[in-house]
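The next block holds one structure in the form of structure tokens; read it before the comments.
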Amino acid sequence: MARKYHSYLKAHLETEVPSSYHLLRDSGYPLRSYPMTPFLNPVGAGQVRYNAAHARARNVIERQYGAWKKRFSCIDTPFRCSLETAQTVIVATAVLHNLALSLGDYEDEDSLPLQQDETMVNHSQEHGGIAKRNSIVANFFN
């Protein structure tokens with residue numbers, strides 16, 4: 001039986017976010033109309049370029065997570081506390097990290113390794129997601 005997840009964020013993304021906005025996910029997630037995933041087996045130069053742009057954009061975010069985890073190693077290991085305490089630690093370290101960045105205290109980006117895509121492949125796709133991703137490739141990557 002397929003497991004259904006109900007969350008405010010998922011409902012908001014599905015109903016409130018304009019279709020011109022895109023959430024990037026790795027290939028471990030299903031392709032839907034709001035979260036874009038890379039092509040599993042790209043065919044043609046447009047799909048290859050889309051995948052390369054998708055990976056570059058996701059890498060910017062992954063590198064920032066890496067810098068955050070480097071600054072606060074406690075969030076790079078499994079928490080051994082209550083969920084409420086873990087949530088407080090995550091929010092507090094995010095605020096402190098962003099404050100440090102706003103004050104100019106940041107890691108040299110060249111010293112951070114590129115993040116590798118270590119995802120499992122989920123073949124689940126939604127027709128709306130396929131059409132949207134194909135449209136993006138046709139309009140921007142061909």
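We count residues from 1, following the sequence as given. Worth knowing before you read on, the calculation uses all heavy atoms, side chains too, and leaves out hydrogens, waters and symmetry mates.
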Sequence neighbours left out, cut at 3.5 Å: what donor-acceptor pairs do the side chains of residues 35-47 make with other protein atoms?
unit_1 : atom_1 : unit_2 : atom_2 : d
T37    : OG1    : R133   : NH1    : 3.3
Q47    : OE1    : V43    : N      : 2.6

Side chains of residues 72-83: which donor-acceptor partners sit under 3.5 Å, not counting sequence neighbours?
unit_1 : atom_1 : unit_2 : atom_2 : d
T77    : OG1    : C74    : O      : 3.4
S82    : OG     : T85    : N      : 3.1
S82    : OG     : T85    : OG1    : 3.0

Check residues 135-142 and write down every donor-acceptor pair under 3.5 Å in which the side-chain atom is one partner and the other belongs to a residue at least two apart or another chain.
unit_1 : atom_1 : unit_2 : atom_2 : d
S135   : OG     : N139   : ND2    : 3.2
N139   : ND2    : S135   : O      : 3.1

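For the atom pair R63 CZ and R58 CZ, the distance stands at 14.0 Å (nearest 0.5 Å). The line from OH of Y29 to CG of L23 is 9.5 Å long, rounded to the nearest 0.5 Å. The NZ atom of K132 sits 13.5 Å away from atom CZ of R32, with the distance rounded to the nearest 0.5 Å. For the atom pair D26 CG and E62 CD, the distance stands at 7.5 Å (nearest 0.5 Å).
Linking ILVMFWY side-chain heavy atoms closer than 4.5 Å, directly or via other members, places I130 and V48 in two distinct hydrophobic clusters. When the side chains of ILVMFWY residues are joined at heavy-atom separations under 4.5 Å, either directly or via intervening members, Y50 and I61 end up in two distinct hydrophobic clusters.
By the ring-ring contact (aromatic ring centres under 6.0 Å, His included) test, H12 pairs with Y8, sequence neighbours left out. Considering only residues two or more places apart in sequence or on other chains, A100 meets the side chain to side chain contact (heavy atoms under 4.5 Å, CB included) condition with R71, D105.
V95 belongs to a hydrophobic cluster whose other members, connected by ILVMFWY side-chain contacts under 4.5 Å either directly or through intermediates, are V91. The hydrophobic cluster containing L99, built from Ile/Leu/Val/Met/Phe/Trp/Tyr side-chain heavy atoms closer than 4.5 Å, also comprises L103.
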Test side-chain contact (heavy atoms from CB on, under 4.5 Å) applied to N59 and Q64, step by step: CA-CA 8 Å; N59 206 284; Q64 287 307 306; over 6 Å; no
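Using a 4.5 Å heavy-atom cutoff, the side chains of L101 and N98 are in contact.
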